[in-house]
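Single-structure report; data block below.
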2 protein chains.
Amino acid sequence: MSDNQFKRGELYSFITGVASTAIARRLQKNFKQHGIDITIEQWSVLYHLWKQDGLSQQELCNATFKDKPSITRLVDNLEKLKLVKRVASVEDRRINMIYLSGAAATLRDQTMEMANQTLNEALGGVSTEEIEMCKSVLQRVYDNLK
Amino acid sequence: MSDNQFKRGELYSFITGVASTAIARRLQKNFKQHGIDITIEQWSVLYHLWKQDGLSQQELCNATFKDKPSITRLVDNLEKLKLVKRVASVEDRRINMIYLSGAAATLRDQTMEMANQTLNEALGGVSTEEIEMCKSVLQRVYDNLK
DNA sequence: TTGAATTAGTTGCATAACTAACTATATGTC
DNA sequence: GACATATAGTTAGTTATGCAACTAATTCAA
C-alpha cells in the first residue's frame, strides 16, 4: 500500500468531525456553566422550532439532518423536560406537530447568545470569505454523498 | 433577538458535523457491503495502529481526539473481535500497549482502499486548494477551542 | 371499495459519546 | 520511607446514533 493512502487518510481527522466535535463540546460546556441542562442535540431541535414553531417530526428530521428514530427520542426527552409538546395533526393523524412550551421560549435568547459567543470563539482568525468557502465545500461534500 | 443570530446559527448545520456524518455513514455502508463488520470508530483506532503499532491507550486518545473511556471500550470491542491485544508495559505497569493481530493486518489494504474511494466520492468537484483551505480553517477552529 | 403501496412515527438492539467517580501504579517531596 | 500528587486505565449512568422491524394512518389503483 502506498504512503499516499495514509496522507489522504489524514483528511478524515479534520473533515470527519474533529472541529465540529470541539464546537459542540464547548457549547455544551457553556450551557452547563450557565445552569442550562439541555444537550446540544436537544438544543438543535429547539433551534429549528424557534425559527418556526409547530413543525412535524419529519420536518425536524429534514431540518436537523437526523433520522426518524433520533428525532423520536429527542422529542421524547424534550417532552420530559416540558420544553415541547406533541400534538396530533387534525388533517393527518399520522403526523405529530411539535410545539414549544413557555419554558422553551425563555431559553431562546440566552442560549442563542451563548451559541453566537461560541461561534465567535471558534471562528477567531477566520475571515468571512473563508467561512463561506468552507460552507460551500462542506455543502458539496454533503451533496456528493446524499 | 436579531435575525442575525439565526443567520450565524445556520453555520452549525455545516460546521457541526453534517458533512462528516455523511462521510462516516457512507464509509460504514461500504464496509458493510464488503462484509467487513467493524464500525468506523473501530476503524479509526486501527488506522492509527497501522501507522504505528504498539501505541498506548493514551496515545490512541491523542491520535483519535477521543477521551479515555471511549478508547477503553473501543479497545474492548476490538479485542473481542480479535483484532488487537492489550499488553501491559514492562516499564510502567499502568500502561497498556495495543498491538494489532494478524487478522487486523489483512483488513488494512482492503479498508484503506474503501476509505480512499469514499473520500474520492465525497470530494468530487472539490479542488486541492479548496481542500487545503478547508483543512486550514478547520484546524484553526479546533485550535481556537482547544 | 377493497387491497397494495406509501408515509409518519415508534421500538429494540448494538455501538459510541460525555461526565464523574473509581482503582492501581508511579513520582516527587519532606 | 511515607504521604501527597499525578497519571493510565476502568466502570457506571445518561444521552445519542444507526439499522431493521414494526404499527397506524393515508393514498392510490384495479
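Heavy-atom basis, side chains included; hydrogens, waters and symmetry copies ignored. A note on names: the letters A, B, ... follow the listed sequences, proteins ahead of strands, and every chain is numbered from 1. All values reported here derive from a predicted model rather than from experimental measurement.
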What contact category does [X] fall into here, base, sugar-phosphate, or nothing, at under 4.0 angstrom with non-hydrogen atoms?
{"X": "A:Asn77", "value": "sugar-phosphate"}
{"X": "A:Thr72", "value": "base"}
{"X": "B:Gln28", "value": "nothing"}
{"X": "A:Glu59", "value": "nothing"}

Checklist entry - Under 4.5 Å between any side-chain heavy atoms of A:Leu78 and A:Gln42, yes or no? => result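 Heavy-atom side-chain distance check passes, below 4.5 Å.
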Separation of [X] atom [atom1] from [N] atom [atom2], in whole Å?
{"X": "A:Ile71", "N": "C:dT7", "atom1": "CD1", "atom2": "P", "value": "19 Å"}
{"X": "B:Asn62", "N": "D:dT7", "atom1": "CG", "atom2": "P", "value": "13 Å"}
{"X": "A:Ile40", "N": "C:dT19", "atom1": "CD1", "atom2": "C1'", "value": "14 Å"}
{"X": "B:Gln58", "N": "D:dA6", "atom1": "CD", "atom2": "P", "value": "16 Å"}
{"X": "B:Glu41", "N": "C:dA16", "atom1": "CD", "atom2": "P", "value": "6 Å"}
{"X": "A:Leu55", "N": "C:dG9", "atom1": "CG", "atom2": "P", "value": "11 Å"}
{"X": "A:Ile38", "N": "C:dC18", "atom1": "CD1", "atom2": "P", "value": "18 Å"}
{"X": "B:Glu79", "N": "D:dT10", "atom1": "CD", "atom2": "P", "value": "9 Å"}

Checklist outcome for this item: The residue, A:Lys32 or A:Pro69, whose nearest nucleotide of DNA chain C is more 5′ is A:Pro69
Next on the checklist: Pick the closest DNA chain C nucleotide for B:Leu74 and for B:Asp67 by heavy atoms, then say which residue is nearer the 5' end.
Outcome noted: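 The residue whose closest nucleotide sits nearer the 5' end is B:Leu74.
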Looking at every heavy atom in both [X] and [Y], which two are closest together, and how far apart are they?
{"X": "A:Gln57", "Y": "A:Arg86", "result": "OE1-NE, 3.0 Å"}
{"X": "A:Phe31", "Y": "A:Met114", "result": "CD2-SD, 3.6 Å"}
{"X": "B:Val141", "Y": "A:Ala19", "result": "CG1-CB, 4.1 Å"}

Closest to side chain of [X], choosing from [options]:
{"X": "B:Ile95", "options": "C:dT25, D:dA8, C:dG9", "result": "D:dA8"}
{"X": "B:Arg93", "options": "C:dT25, D:dG18, D:dA25", "result": "C:dT25"}
{"X": "A:Asn96", "options": "D:dC19, D:dG9, C:dT10", "result": "C:dT10"}

Please confirm whether the shortest side-chain N or O distance from [X] to OP1 or OP2 of [N] is below 4.0 Å.
{"X": "A:Gln57", "N": "C:dT10", "answer": "yes"}
{"X": "A:Thr39", "N": "D:dA16", "answer": "yes"}
{"X": "B:Lys66", "N": "C:dA17", "answer": "yes"}

Checklist entry - Got a donor-acceptor contact below 3.5 angstrom from the A:Glu130 side chain to the A:Ser127 backbone? => result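 At least one qualifying donor-acceptor pair exists.
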Next on the checklist: Whether the side chain of B:Asp53 engages the backbone of B:Leu100 through a donor-acceptor N/O pair (distance < 3.5 Å, no angle test) should be reported.
Outcome noted: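 Checked: pair present.
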Checklist outcome for this item: Residue pair B:Arg25/B:Asp92 against DNA chain D: nearer the 5' end by closest nucleotide is B:Asp92
Donor-acceptor pair under 3.5 Å, [X] side chain vs [N] base:
{"X": "B:Arg86", "N": "D:dA8", "answer": "no"}
{"X": "A:Arg73", "N": "C:dG12", "answer": "yes"}
{"X": "A:Arg94", "N": "C:dT7", "answer": "yes"}

